Amino acid sequence: MQLETDLRLNPKDASDPEKVKSAAASKVSAAINDIRSFRVIRRSIDARQRNILINLRVRLYINEQEPENTFESIYYPNVKDAPHAVIVGAGPAGIFAALRLIELGIKPIVIERGKTVRERKTDLAKISREHTVDNDSNYCFGEGGAGTYSDGKLYTRSKKRGNIEKILNVLCQHGAGADILVDAHPHIGTDKLPAIIEQMREQIIASGGEVYFETRMESLLIEDKKVKGIRAHNGKTFYGHVILATGHSARDVYYMLNEQDVKLEPKSLAIGVRVEHPSLLIDQIQYHSPEGRGEYLPAAEYSFVTQAGGRGVYSFCMCPGGIVVPAASGSKQLVVNGMSPSNRGSKWSNSGVVVEVHPEDFPEYKEYGEMALLKLQEDIEEKAWHEGGKKQTAPAQRLYDFINKRKSNTLPLTSYAPGIVSSPLHEWMPAFITERLREGLQKIGKNLKGYLTNDAIMLAVESRTSSPVRIVRDKETYEHIEIKGLFPCGEGAGYAGGIVSAAMDGEKCAEALARILL
Ligand SMILES: Cc1cc2nc3c(=O)[nH]c(=O)nc-3n(C[C@H](O)[C@H](O)[C@H](O)COP(=O)(O)OP(=O)(O)OC[C@H]3O[C@@H](n4cnc5c(N)ncnc54)[C@H](O)[C@@H]3O)c2cc1C
């Protein structure tokens, strides 16, 4: 017999299997000797009160053997000689689209501008050490896409439980720990993601799919409003229906689509800064304790949403115990983002703090039409690069100094490897953004006591929160609204945000493509 029950335990007891077992047994009035084993199937932290509690949902196997599998495996058939389709981009959307095509009996041909996930590492190190950004191999481009050297947070605002679980199961099948199926806020960590991505690629190849690295799509082959395939920078052509999953940083792709008359529409996004605190301080605030997280709790998270000047101001992609990384994807750009290792053990915790921006908020960019916010992003990133000394050194300001419109005389230590330089962000970032940031942060400071401190710094600029344009597609068929056989997919198309939602969108596009191909 199997029985499930909910427990609320203190962090120490929740980490002790014997304590969990006996608490669960007594909750369901089962004899402890009858319990063959148990599984925690859901875990979350309740840090609202001074006494932190861990919520656990536990499944007990009473006089019954626990099944061996902790996740459902998917069967991938061999599709070497099956009908094929082209996928551009090997980020979460592209990789999950490829695996789903295989499941459905279609051979994926994956084209990726960047290098393999391992080779990418050398280029990432160069950004910090030599301040050079390779246009095709960086934190945004390369196998695994933007999500690989990241925090690997796997939560999404989507409510489609079944679809989310499918994505998490696929990750487990390729090497992710089963904890991601249990935790309310699952994350994998930047140290573990590359091996998982490699296994997914090996699966695609073993099933008869093809993967081409260092192959950048330069144009779509379009005839009579139908896509016939793509042409790569090296002159190679790849024919077939196309899933376009190039992410939100591939500005050259947006310009190319615009030139090829592929309909785009403007979309709002959010721009701001990355705020970095000592992780102990965030732990103290969130766990209501001068000792911080103690032995049994993870580095604390926070998230907030507020309104200022008629726009949302919110935290974005928080990385507890993480580091701030240089996420530019080309020259003359300075972009910051965050990532963390699986143990979330760094001395810092960072988060984007951003302001929602609509195209009409910047009338001076009206002349750029649907590309208005893309141009704004470009300009702010270039300004940040100038302010940073024309290197990857990030312009930074202490948090309290920003609130008080003062340039910081000194800066604290930071996790940001290329280094930081003191800069009055309140002077050169657009007032539309800084005024709302200031107001929003002041509101947050009233709730999160201790958050507004000069021990924290803001690094500029957090500008790649989502796509600045949408590649318009049909709601039912997922095909581009005008070009048949083209499936705009994932974050770059403007239909997803984050690893899991991009992966889910990849699966949906694969299913839509299969409906017309098979
Ligand atoms: C540092 C960092 C940390 C992040 N942390 C998290 C997190 O913890 N959790 C989370 O959910 N999200 C996180 N994100 C966001 C997440 O990575 C994205 O939402 C997600 O990767 C989007 O997936 P995608 O497949 O749509 O696009 P991408 O991941 O951007 O993938 C697009 C791929 O297309 C390739 N490409 C682009 N142009 C071409 C071309 N012309 N030809 C061929 N290939 C091309 C790129 O090289 C890239 O591999 C983070 C992002 C960054 C940069």
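The figures that follow rest on heavy atoms only: side chains count, while hydrogens, waters and symmetry mates do not. Just follow the structure's listing: the first ligand is 1, and inside any ligand the first atom is 1. Worth saying up front: this structure is predicted, and the values here are computed from it rather than measured.
Both tests pass for R473 against the ring of Y495: distance under 6.0 Å to the centre and angle within 45° of the axis.
At least one protein heavy atom sits closer than 4.0 Å to atom 31 (O) of ligand 1.
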Test log, rule salt bridge (charged side-chain N to carboxylate O under 4.0 Å, His left out), inputs E72 and K166: CA-CA 9 Å; E72 273 176 42; K166 162 81 190 295; over 6 Å; no
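Heavy atoms of R216 come nearer than 4.0 angstrom to ligand 1 in at least one pair. Using a 4.0 angstrom heavy-atom cutoff, S249 does not count as in contact with ligand 1. Heavy atoms of A245 come nearer than 4.0 angstrom to ligand 1 in at least one pair.
Both the backbone and the side chain of T246 come within 4.0 Å of ligand 1, judged by heavy-atom distances. When heavy-atom distances to ligand 1 are checked against a 4.0 Å cut-off, A250 comes that close only through its side chain, counted from C-beta outward. When heavy-atom distances to ligand 1 are checked against a 4.0 Å cut-off, E112 comes that close through both its backbone and its side chain.
Between D252 and R113 a salt bridge is recorded (basic side-chain N to carboxylate O distance below 4.0 Å).
Checked by atom type, the side-chain pair R231/T237 shows no donor-acceptor distance below 3.5 Å.
In this structure, Y212 has its ring center under 6.0 Å from that of F238.
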